[in-house]
S.K.: 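Here you go, one structure.
No experiment lies behind these values; they were computed from the predicted model shown. Letters go in sequence order (proteins before strands), and every chain restarts at 1.
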Amino acid sequence: MYRPNTIIGIILILLGITLPVVVEGRYFRNPDSDIDPNIFKIDDKKFMGVKISPDLEMLDVDGKAFTFRDFQGEPTILVFSYYTCDGSCSAVNSVLKEMLEDIERTEIGKDYRVLTLSFDKEDTVDTMANFQQELALSEKLKKGWKLGLIKDPEVMEALTKSVGFKYFWSAQDQTFFHPNVYIFLSPEGRVVRYLYALTNDQTDMELAILDAHQGKFRPSQVIELAVSICYSYNYKEGRYTYNIPLFVGAGSFILGVSILVGSLVYFRKFRKS
Amino acid sequence: MKGRLSALTGIAIALMATGAVASEGGLPNPAADWDVLWNKVLWDLVVIGAIFGIAALIMLFKYRATSPDQVGRGPKLSRAQALAWALIPATIFMADDFFMAAKGWTLWNTYRTVPENAMEVKVTGSMWNWEFEYENGIISTYDVDSKEGSGLVVPVGTPVVLRMESIDVIHSFGMATYRVKEDVMPGRITYIWFNPVEAKESWVTCVEFCGTRHSYMYAPVKAVPPAQYEAWVKKMESEA
Amino acid sequence: MSAAQSSWKEWVFTTDHKRIGVMYLVGSLAAFAVAGTMALLIRIEQSQLGPNLVGDAFTGGDTYNTWLYFHGAAMILAFLIPGLTGYFANYFIPLMIGANDVAFPRINAFSVWLFFVAIVLALAGFVIPDTPDIMWTGYPPYSVMTSANTSFYVFTVHLLGFSSILGAVNFLVTVVYMRAPGMGWNQLNVFVWTTVAAFVIQLIFIPVLAAAVTMLLFDKYLGTHFFDPAAGGDVLLYQNLFWFYSHPAVYVIFLPAMGVLFEVIAGMAKNRIFNYKACVYGGVWGITLLAGEVWVHHLYVAGMPDWIRVGQMVSTLLISVPVGLMVMSMWGTLYRGAITYNTAMLYAGSCLFLVLIGGLTGIPLAMTSMTVHLSETAFVHAHFHYVMAIFATFAIFSGVYYWFPKISGRMPNEKMGKLGFLINFVGVNVTFWPLFIIGIQGMPRRYWDYQMFPQFEGYHQIAFYGAVIVAVGMAITILNWLFSAIGGEKAPENPWNSASLEWTHCPSPPGPGNFPKDVELTADWTPYNYDKR
């Protein structure tokens with residue numbers, strides 16, 4: 001399913017995680033035991049449309065409980081991460097932060113929201129609060145970006161499994177291996193799209209947010225609707241590409257109208273006096 | 001015209017014979033709502049059809065020429081009359097249209113609002129099979145040639161939402177008994193839901209042309225009492 | 001000058017709009033005969049459970065699917081559209097507007113030959129080993145994945161499309177600029193208006209269909225991915241583009257068919273069109289205006305976003321307003337008329353009921369939520385056969401009978417004509433009423449076997465008997481035309497005492513140049529000016 005770039009991207013990001021550790025030399029291991037990135041591959045067609053239970057309970061940075069129900073009504077970008085970063089922080093959040101910062105048309109907190117969840121059962125409200133400080137979200141992003149954790153590891157397991165997200169703790173590397181994936185949820189909480197930190201840019205992010213609306217736009221979002229129609233998701237390349245047949249169709253429609261108008265204007269000379 | 005009317009009544013009766021049972025719990029039942037709306041629409045059609053049909057019949061009979069030289073004496077409309085004859089019928093037609101649209105829109109919302117407690121089943125269409133994957137991992141199929149497999153089994157009383165996808169060409173998942181269908185295509189997920197209110201065995205058929213064995217792309221849909229459903233789930237789990 | 005006396009060269013190299021019209025009629029009736037035979041085969045196959053004509057359960061579908069493909073494609077693209085916008089428009093528009101010929105006679109001749117090549121190509125698709133089986137809609141991914149040959153379908157559409165575009169430009173220029181001196185817009189025959197509207201629709205929308213099928217061809221044979229979702233294509237877009245043309249195409253058929261009926265009814269009832277302006281400016285142009293905003297009702301269950309499904313439910317229902325205005329005018333034209341019944345008027349009269357059945361059964365199909373159950377069932381099948389197959393075909397037959405003396409100079413045999421009409425009328429109703437009933441109960445379309453629904457066998461049997469009746473009626477009708485054209489009674493100049501230009505100002509059949517004297521019209525002239533008070 002992936003472009004070679006995607007695989008290279010995953011390798012790079014995994015290297016990015018392990019490199020500082022390797023350079024430090026404390027945990028030097030035989031390079032032959034590297035992780036095969038293919039095991040993280042999410043078969044997106046299999047998991048598209050999976051619904052996340054609205055009653056799933058989570059804790060926020062203040063230790064207060066909230067549910068997925070709070071995230072219904074608008075699209076959500078779901079990010080799986082972990083909050084302890086002694087040395088090697090999960091890059092998935094900071095990359096997203098930079099991309100979302102540049103998105104102007106769709107407004108975070110109003111048109112979509114972000115939810116980062118920890119899959120690390122060691123994480124606590126404190127590590128989460130720490131992480132939030134280190135992430136240093138701008139005022140704009142704070143409006144719609146929430147961190148959370150699930151207390152029950154079994155529930156967490158079930159959730160990640162239900163959306164095809166695989167991860168594991170490498171004792172020898174003292175770090176988590178996981179795909180840097182963004183899961184786009186529809187307003188009802190169904191999986192619409194998987195995008196990746198290194199292969200997708202903010203245009204893809206924005207289009208995926210529009211895609212996640214699943215055609216449910218407010219009348220004021222007519223431009224967003226038009227933009228989303230102009231692109232379609234390319235499974236082969238793992239990104240959004242122009243919806244070429246639409247432009248061909250529109251062009252031929254314009255051609256038809258021009259023939260009509262043109263022939264009536266051009267052949268005025270046939271007029272009988 | 002009389003024959004036509006009685007044929008229409010025939011349709012109504014035929015429909016009542018297969019009519020779905022209304023839901024007893026608080027849950028909506030789109031299939032029963034469909035039948036209710038259908039009866040309203042049918043009345044609308046019969047009334048309009050009868051007015052125009054009888055008018056045509058009377059005029060075709062009454063205004064026969066009595067001599068070869070006779071010419072028609074159709075009215076010459078004044079500007080006001082012409083406008084009235086355009087605007088008044090247009091308004092009546094439009095009123096009927098908006099009435100229909102409102103009714104249709106209400107039912108449409110029922111069709112598109114999936115109840116929260118709905119049981120989810122993943123449907124995969126392929127040439128020429130239906131595969132049903134339950135939340136607990138059970139996979140159920142049906143072989144039309146050997147008549148083996150149980151198809152879609154659901155417990156009575158629980159609404160079921162189907163998350164559907166195709167792995168090859170476009171198919172369409174149509175359940176006449178539950179008055180619902182939606183296309184199934186590669187690369188996109190579509191949903192429908194239905195409310196099995198009584199134990200009943202029916203069929204799902206492919207209703208979008210998909211090639212050689214399009215006519216044989218069907219599977220049973222069995223709505224069974226919850227206890228029987230549990231037993232079936234156990235059996236499928238032990239077999240897997 | 002009769003047809004029998006002229007040499008073949010005069011026909012092949014003709015640029016006379018009347019001969020071109022007759023060539024369209026012959027070509028489209030040939031397509032009708034072949035496609036009608038397919039319909040009969042389809043009815044025989046469905047009449048009993050299990051394989052009847054085709055092989056076994058595993059491969060039998062292939063043969064049956066090619067019949068379905070050919071029946072649909074030929075009936076719509078090679079019979080209905082060329083019959084109405086080819087034959088009727090070619091022959092009668094110049095006569096009705098008092099013109100000597102069309103604006104571009106040689107382009108007109110080119111159009112008809114494109115049409116013939118297209119028909120030959122479509123027929124050739126039937127003798128090659130991998131006959132197309134993609135339905136006349138040709139939805140991808142099936143049409144791309146199938147081993148059958150899609151290219152014949154695509155090239156047929158290209159040729160017919162090109163032919164139609166040339167024809168449309170030709171006739172629009174003709175009607176706009178070549179009317180007889182003194183003929184104002186409100187003095188045009190309703191048929192001219194409906195045909196002009198049909199040509200406007202053809203011109204605007206055909207390029208979209210041509211683009212869609214071209215991309216289909218590229219996807220299949222050149223490995224592009226326009227409609228392949230795995231590589232960024234949009235699997236639903238073909239359907240949108242296809243119906244963006246093909247729903248308006250229904251009006252390309254419906255409007256001229258209504259136009260023919262207006263001519264026949266006004267001519268046989270010797271009456272003026274009731275509320276002409278509402279009919280033309282509200283009805284004809286209202287339909288034209290709405291034609292491009294309703295295509296999604298073909299995709300109500302195709303997974304389109306809710307907003308467009310609901311939006312187009314409203315626009316589709318609103319089609320009933322302009323159609324209703326045309327219906328009011330048609331009914332009003334009967335009011336206080338002086339109706340003489342001949343075969344043409346019998347067909348026209350029956351069309352009043354057929355359009356009611358076809359139109360009214362369209363109302364539930366316009367409603368998104370009703371369609372969730374009715375879509376792709378025998379109900380839809382019966383609905384559009386009432387509109388297209390029966391209503392439009394009966395309108396064509398009505399027109400052929402009405403203008404038979406004009407084109408052949410001979411009267412049609414009324415006894416045979418009326419017999420043929422009666423058999424046809426009974427036959428079509430026997431064929432399609434059972435389909436309404438089993439459609440509501442969920443009988444899917446395009447099935448050749450229906451193992452899971454054995455209760456529908458009886459209905460299919462009735463439909464089969466109906467089809468046999470229709471076959472008899474059609475045979476009588478077409479033989480009647482042949483025999484009457486050769487040996488019919490000589491027709492007087494204006495047998496129906498019509499007031500329309502094609503009857504009053506030129507002989508039957510008209511010679512080259514149409515009108516012996518140039519036509520000049522007074523301000524109070526109309527083609528429906530019977531009541532001289």
S.K.: Could you tell me which portion of Phe226(C) (side chain, backbone, both or neither) has an atom closer than 4.5 angstrom to a non-hydrogen atom of chain A?
M.R.: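 It is both, since atoms from each part get that close.
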S.K.: Kindly compute the distance separating CG (Leu260(A)) from CD1 (Ile165(C)), expressed to the nearest 0.5 Å.
M.R.: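 If we round to the nearest 0.5 Å, Leu260(A):CG and Ile165(C):CD1 are 11.5 Å apart.
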S.K.: Quick check on Leu222(C): does its CG atom have over 12 non-hydrogen neighbours (other residues, nucleotides or ligands) under 6.0 Å away?
M.R.: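 More than 12 within 6.0 Å, yes.
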S.K.: Working to the nearest 0.5 angstrom, can you tell me the gap between Ile229(A) CD1 and Leu237(C) CG?
M.R.: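 If we round to the nearest 0.5 Å, Ile229(A):CD1 and Leu237(C):CG are 10.0 Å apart.
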S.K.: Only counting residues at least two apart or in another chain, list the ones meeting side chain to side chain contact (heavy atoms under 4.5 Å, CB included) with Val257(A).
M.R.: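 Applying side chain to side chain contact (heavy atoms under 4.5 Å, CB included) to Val257(A) gives Phe253(A), Val261(A), Ile204(C).
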S.K.: If you check every heavy atom in residues 240-253 of chain C against those of chain A, which residues fall under 4.5 Å?
M.R.: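 So the qualifying residues are Leu241(C), Phe244(C).
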S.K.: If you compare all heavy atoms of Ser252(A) against all heavy atoms of Pro207(C), which two are closest, and at what distance to 0.1 Å?
M.R.: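 Heavy-atom minimum between the residues: O-CB, 3.1 Å.
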S.K.: Between atom NE2 of His225(C) and atom OG of Ser232(A), what is the distance when rounded to the nearest 0.5 Å?
M.R.: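 These two atoms lie 12.5 Å from each other.
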S.K.: With a 4.5 angstrom heavy-atom cut-off, could you sort out which part of Ala212(C) is near chain A: side chain, backbone, both or neither?
M.R.: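 For Ala212(C), there is no contact with chain A at all, as no heavy atom is under 4.5 Å.
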S.K.: Check the surroundings of atom CZ in Arg106(C): do more than 12 heavy atoms from other residues, nucleotides or ligands lie under 6.0 Å from it?
M.R.: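 It does not: Arg106(C) CZ has 12 such atoms or fewer within range.
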S.K.: Just to be sure I understand the criterion: a residue of residues 242-251 of chain A counts if one of its heavy atoms is under 4.5 Å from a heavy atom of chain C. Which ones qualify?
M.R.: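 Asn243(A), Ile244(A), Pro245(A), Leu246(A), Val248(A), Gly249(A), listed by number.
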S.K.: So which residue, Leu255(A), Leu264(A), Ile254(A), ends up with the most heavy-atom pairs under 4.5 Å with chain C?
M.R.: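 Highest number of heavy-atom pairs under 4.5 Å: Leu264(A).
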S.K.: Step through the shown structure and confirm whether more than 12 heavy atoms of other residues, nucleotides or ligands are within 6.0 Å of OH on Tyr266(A).
M.R.: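 Atom OH in Tyr266(A) is not crowded, with 12 or fewer foreign heavy atoms closer than 6.0 Å.
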S.K.: Counting neighbours of CZ on Arg69(A) that are heavy atoms of other residues, nucleotides or ligands and sit closer than 6.0 Å, is the number greater than 12?
M.R.: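 Count over threshold, so yes.
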S.K.: Answer yes or no: does atom CG of Asp518(C) have more than 12 heavy-atom neighbours from other residues, nucleotides or ligands under 6.0 Å?
M.R.: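 Not buried by this count: 12 neighbours or fewer within 6.0 Å.
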S.K.: Just give me the residue among Ile206(C), Val173(C), Val176(C) that pairs up with chain A most often, heavy atom to heavy atom, under 4.5 Å.
M.R.: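 Highest number of heavy-atom pairs under 4.5 Å: Val173(C).
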S.K.: Counting only heavy atoms not in Tyr167(A) (residues, nucleotides, ligands), do more than 12 fall under 6.0 Å from its OH?
M.R.: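 Atom OH in Tyr167(A) is crowded, with more than 12 foreign heavy atoms closer than 6.0 Å.
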S.K.: Between Ser263(A) and chain C, with a heavy-atom cut-off of 4.5 Å, which part of the residue counts as in contact: side chain, backbone, both or neither?
M.R.: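 When you check distances to chain C, atoms from both the backbone and side chain of Ser263(A) fall under 4.5 Å.
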S.K.: Which atoms of Leu225(A) are under 4.5 Å from chain C, going by heavy atoms: the side chain, the backbone, both sets, or neither?
M.R.: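 Only the side chain of Leu225(A) comes within 4.5 Å of chain C.
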S.K.: Rounded at 0.5 Å granularity, tell me how far CD1 in Ile259(A) sits from CG in Leu172(C).
M.R.: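 So the CD1 of Ile259(A) and the CG of Leu172(C) are separated by 11.5 Å.
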S.K.: Look at atom NZ of Lys46(A) and say whether more than 12 heavy atoms of other residues, nucleotides or ligands are closer to it than 6.0 Å.
M.R.: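 Check fails, neighbour count at 12 or below.
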S.K.: Quick one: do Val169(C) and Phe267(A) satisfy side-chain contact (heavy atoms from CB on, under 4.5 Å)? Show the steps, please.
M.R.: CA-CA 10 Å; Val169(C) 171; Phe267(A) 293 115; 4.2 Å; yes
S.K.: Can you say whether Phe218(C) sits under 4.5 Å from chain A via the side chain, the backbone, both, or neither, judging by heavy atoms?
M.R.: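 When you check distances to chain A, no heavy atom of Phe218(C) falls under 4.5 Å.
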S.K.: Taking 4.5 Å as the heavy-atom cut-off, does anything in residues 292-315 of chain C contact chain A, and if so which residues?
M.R.: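 Residues in range: Pro305(C), Trp307(C).
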S.K.: By a 4.5 Å heavy-atom criterion (distance strictly below it), what part of Val208(C) contacts chain A: side chain, backbone, both, or neither?
M.R.: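 Answer is both: backbone and side chain atoms of Val208(C) are under 4.5 Å from chain A.
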S.K.: Hey, is CZ on Phe217(A) packed in by over 12 heavy atoms from elsewhere, all under 6.0 Å?
M.R.: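 Atom CZ in Phe217(A) is packed in, count exceeds 12.
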